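See below for the structure under consideration.
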Amino acid sequence: MPAAFFVVRAVVADAARRAAFDTWYETEHLPDAVKAFGVSKAWRFWSLDDPSLHQAMYEFDDEAALAAMLKGEALKRLVADFNRDWPEVKRSRETLVLAQAFET
């Protein structure tokens with residue numbers, strides 16, 4: 001089965017808050033999410049085109065593992081933590097399935 005991905009896009013509109021958000025995500029939220037989701041890989045990105053745009057991507061073994069996480073308590077807890085600490089940050093989520101990997 002192909003890998004599946006959970007992507008969270010967050011817009012940190014206040015430029016003065018981006019460094020604090022970055023530190024929080026790096027030291028607290030991402031490690032908590034990796035452990036809670038049971039994933040072995042996760043990435044974070046800041047957009048070069050829009051400095052307010054942050055994305056996090058979590059890789060799951062397959063769609064079934066991703067679907068289980070989406071219905072689980074871990075996601076609810078992490079969303080509540082995010083809402084408590086960053087209520088002003090708007091976010092959206094997307095789920096993806098790997099169509100093809102290409103390496104040279």
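Owing to the predicted nature of the structure, the values given are computational and were not obtained by experimental measurement. Side chains included, hydrogens not; waters and symmetry mates left out as well; all remaining heavy atoms used.
With values rounded to the nearest 0.5 angstrom, W24 atom CH2 is found 4.5 Å from H29 atom NE2. Atom NZ in K71 sits 10.5 Å away from atom CG in L66 (nearest 0.5 Å). Atoms CG and CD, on N83 and E88 in that order, are 10.5 Å from each other to the nearest 0.5 Å.
The backbone N or O of V12 sits less than 3.5 Å from a side-chain atom of R18, completing a donor-acceptor pair.
F37 has its side chain within reach of L78: a pair of non-hydrogen atoms, C-beta onward, lies under 4.5 Å apart. Contact annotation: the side chain of R91 approaches that of V79 to within less than 4.5 Å [non-hydrogen atoms, C-beta and beyond]. Residues F82 and V8 fail the side-chain proximity criterion, which asks for heavy atoms closer than 4.5 Å.
When hydrophobic clusters are built by joining Ile, Leu, Val, Met, Phe, Trp and Tyr residues whose side-chain heavy atoms come closer than 4.5 Å, directly or via intermediates, V34 is grouped together with M69. No chain of hydrophobic side-chain contacts below 4.5 Å, direct or via other Ile, Leu, Val, Met, Phe, Trp or Tyr residues, connects L70 to V97. Cluster membership for L30 and L53, using ILVMFWY side-chain heavy atoms within less than 4.5 angstrom, is not shared.
Ion pairing between D81 and R77 holds under the 4.0 Å rule for side-chain N and carboxylate O.
Smallest separation of non-hydrogen atoms from A74 and A36: CB-CB, 3.7 Å.
As a member of the Ile/Leu/Val/Met/Phe/Trp/Tyr network built from side-chain separations under 4.5 Å, M57 groups with F5, V7, W43, F45, L96, L98.
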Determine whether V39 and F6 satisfy the following criterion, side chain to side chain contact (heavy atoms under 4.5 Å, CB included), listing intermediate values before the conclusion. CA-CA 11 Å; V39 297; F6 181 56; over 6 Å; no
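Sorted by first and then second residue, the side-chain hydrogen bond (donor to acceptor under 3.5 Å, both in side chains) pairs with a member in residues 54-69 read Y25-Y58, R44-H54; sequence neighbours excluded.
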